[in-house]
Amino acid sequence: MAMVQLLLFAGLWNAVGASSLAVVTCGSVVKLLNTRHNVRLHSHDVRYGSGSGQQSVTGVTSVDDSNSYWRIRGKTATVCERGTPIKCGQPIRLTHVNTGRNLHSHHFTSPLSGNQEVSAFGEEGEGDYLDDWTVLCNGPYWVRDGEVRFRHSSTEVLLSVTGEQYGRPISGQKEVHGMAQPSQNNYWKAMEGIFMKPSELLKAEAHHAEL
């Protein structure tokens, strides 16, 4: 796979004085690192052998795996314009770039830990309302250097990794699941990717705060 060039753009936020933030925006394609277990959110065309039987979602230690790219989009049945900064508390979809399925959860039991199953669902980026995840973070926007949590908008579990490891055919990959309680296991950080330039919206809000 060709090297992906990172595009970093600063936005302005002036709520408590001018500062420069590298915000995460709609349309960006990113890898997401679980900071507790040092694995990146991953999927591939391998289905669960139990539970829903949908496409599995795992965590991998490899930095270079192209199956770890996810596109940030608006919640189900909405369009989030490319470059729009993602606000803390905003629901989004994460679409797996290589298979076109969305990060998804539902009331099935995950195969290793017995927590809530997280899968990849839909076709060509279209699934259902169970694909929506709310970004939990501090401040007005999701910033690149900040840790965030993803809360499933319907069942309210948090996207998590607790270290359980699969055998064949995906040996060494970690289980990704949903957990009810917040902990260090459900912190994530945007890493490698293509970051869309923030739209004028962020600058306009910063200007408004000066008035």
Pairs meeting criterion ring-ring contact (aromatic ring centres under 6.0 Å, His included) with involvement of residues 164-185, two or more places apart = none

With sequence neighbours excluded, tell me which residues meet side chain to side chain donor-acceptor pair (under 3.5 Å) with T99.
-> Q55, H96

L136: which other cluster members, linking ILVMFWY side chains closer than 4.5 Å, directly or transitively?
-> L158

For residues 145-172, which residue pairs qualify under salt bridge (Lys or Arg N to Asp or Glu O under 4.0 Å), counting only residues two or more places apart or in two chains?
-> none

Among residues two or more places apart or on two chains, list those pairs meeting disulfide bond (SG atoms under 2.5 Å apart) that have a residue in residues 96-184.
-> C88-C137

Where the side chain of S110 meets the backbone of L112, is there a donor-acceptor pair that is under 3.5 Å apart?
-> no

S183: side chain to side chain contact (heavy atoms under 4.5 Å, CB included) partners, not counting sequence neighbours = N185, N186

Side chain to side chain donor-acceptor pair (under 3.5 Å) partners of S119, counting only residues at least two apart | Q54

Residues in side chain to side chain donor-acceptor pair (under 3.5 Å) with Q181, at least two apart?
-> none

Under the salt bridge (charged side-chain N to carboxylate O under 4.0 Å, His left out) test, residues paired with E123 that sit two or more places apart = R101

Axial cation check for F195 ring with R144, 6.0 Å and 45° limits = yes

Pairs involving residues 66-80, ordered by first then second residue, that meet salt bridge (Lys or Arg N to Asp or Glu O under 4.0 Å) (sequence neighbours left out) | R73-E126

Side chain to side chain contact (heavy atoms under 4.5 Å, CB included) partners of T155, counting only residues at least two apart = H107, Q116, H152, V157

For L130, the rest of its hydrophobic cluster, which grows through side-chain links under 4.5 angstrom | Y129

